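Chain letters run A, B, ... following the sequence lines, proteins first and then strands; every chain starts at 1. Just so it is clear, the structure is predicted and the values come from calculations on it, not from any experiment.
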Amino acid sequence: MEQVFTHVAALVTVIILIPFYRVLKGPTVFDRLLGAGAIGAKTMVIICLIGFIYKRVDMFVDITLAYAVLNFIGIIAVSKYFESQDEQEE
Amino acid sequence: MMIQETVAVALVLLGAIFMFAGSVGIVRLPDFFSRTHAAGKTDTLGIMLSLAGLAVYEGWSLNSLKLLVVILFVAIVNPVSVHALAKAAMEYGIKPWFRPETGETEAKEK
């Protein structure tokens, strides 16, 4: 079964590279944030898969939960910051 | 035992498909607000399915309970964070994009 999880983890890693294009190219800063948020959310699945591959599920599930919380707080903080800024360069 | 593994692998692969759809949606959709659909909904479903598949593989244990907590957390949190981004973008002054022939024409930010 570890083979299957390794292949799925590799697949999800490739899937993570796709939003990087939006992070690089995104016209507005919010596109970049959206791409980064999507990447952060997908990383959680990879962390959990790694936990299953190395049979340390109880440790990695906690890491996944912590990562979910941190990702959420980060996005809320940044969107709060950009909310107060009005558009200058447009 | 076989059924549990096949169901788990099926769920994880289905989740991977939805995550792929979400990623492609983030890249290809024309405007920030339409991209929030992809990032907020499709990604959340993909992650939830994958984690549900892992929880099924784990069976009845404390870890699958924790995985369930993570799934519920993602189900609530991911759309909320994308909503916060969209609200901030609205305050920042980003206009939604409209298709050219419907009257109001906007610069198509590709």
Trainee: Give, as side chain, backbone, both or neither, the part of Ile47(B) having an atom under 4.5 angstrom from any heavy atom of chain A.
Mentor: both

Trainee: Spell out, as yes or no, whether a donor-acceptor pair under 3.5 Å connects the side chain of Thr44(B) to the backbone of Ala75(B).
Mentor: no

Trainee: Can you say whether Leu49(A) sits under 4.5 Å from chain B via the side chain, the backbone, both, or neither, judging by heavy atoms?
Mentor: both

Trainee: Which region of Ser61(B), side chain (C-beta onward) or backbone (N, CA, C, O), has a non-hydrogen atom less than 4.5 Å from a non-hydrogen atom of chain A, or is it both or neither?
Mentor: neither

Trainee: What part of Val74(B) gets within 4.5 angstrom of chain A, counting heavy atoms only: side chain, backbone, both, or neither?
Mentor: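 Only the side chain of Val74(B) comes within 4.5 Å of chain A.
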
Trainee: Can you tell me which of Ile76(A), Val14(A), Asp62(A), Ile16(A) forms the most heavy-atom pairs within a distance under 4.5 Å of chain B?
Mentor: Asp62(A)

Trainee: Less than 4.5 Å to any heavy atom of chain B: does that hold for the side chain of Val69(A), its backbone, both, or neither?
Mentor: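 Its backbone and side chain both get close to chain B.
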
Trainee: Hey, does the side chain of Lys42(A) reach the backbone of Gly40(A) with a donor-acceptor pair shorter than 3.5 angstrom?
Mentor: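 Not a single qualifying donor-acceptor pair exists.
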
Trainee: Relative to chain A, which of Ala39(B), Ala89(B), Ser50(B) shows the most heavy atom pairs under 4.5 Å?
Mentor: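 Option with the greatest count: Ala89(B).
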
Trainee: For Val27(B), is it the side chain, the backbone, both or neither that has a heavy atom under 4.5 Å from a heavy atom of chain A?
Mentor: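 Looking at Val27(B), backbone and side chain both touch chain A.
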
Trainee: Leu65(A) versus chain B, heavy atoms under 4.5 Å apart: side chain, backbone, both or neither?
Mentor: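 Answer is both: backbone and side chain atoms of Leu65(A) are under 4.5 Å from chain B.
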
Trainee: Which one of Leu49(B), Asp43(B), Thr42(B) satisfies the side chain to side chain contact (heavy atoms under 4.5 Å, CB included) criterion with Leu45(B)?
Mentor: Leu49(B)

Trainee: Give a yes or no answer on whether the side chain of Ser64(B) reaches the backbone of Trp60(B) with a donor-acceptor pair at less than 3.5 Å.
Mentor: no

Trainee: Taking atom types as modelled and ignoring hydrogens, do the side chains of Lys66(B) and Thr64(A) form a donor-acceptor contact shorter than 3.5 angstrom?
Mentor: no

Trainee: How far does CE of Met19(B) sit from CD1 of Ile18(A), to the nearest 0.5 angstrom?
Mentor: 11.0 Å

Trainee: Which atoms of Phe20(B) come close to chain A, meaning under 4.5 Å heavy atom to heavy atom: side chain ones, backbone ones, both, or neither?
Mentor: both

Trainee: For Phe52(A) together with Phe60(A), are the ring centres under 6.0 Å from each other?
Mentor: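 Ring-ring flag for Phe60(A)/Phe52(A): false, centres at least 6.0 Å apart.
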
Trainee: In terms of heavy-atom pairs under 4.5 Å with chain B, which of Leu33(A), Asn71(A), Val78(A) leads?
Mentor: Leu33(A)

Trainee: Using heavy-atom distances under 4.5 Å, tell me whether Ala16(B) contacts chain A through its side chain, its backbone, both, or neither.
Mentor: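 For Ala16(B), heavy atoms of backbone and side chain both lie under 4.5 Å from chain A.
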
Trainee: So which of Gly74(A), Gly26(A), Cys48(A) has the biggest tally of heavy-atom pairs under 4.5 Å with chain B?
Mentor: Cys48(A)

Trainee: Treating Arg56(A) as the side-chain partner and Gly51(A) as the backbone partner, does any N or O pair qualify as donor plus acceptor under 3.5 Å?
Mentor: no

Trainee: Do the side chain of Glu5(B) and the main chain of Tyr57(B) share a donor and acceptor less than 3.5 angstrom apart?
Mentor: no

Trainee: Can you say whether Leu13(B) sits under 4.5 Å from chain A via the side chain, the backbone, both, or neither, judging by heavy atoms?
Mentor: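 Side chain only.
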
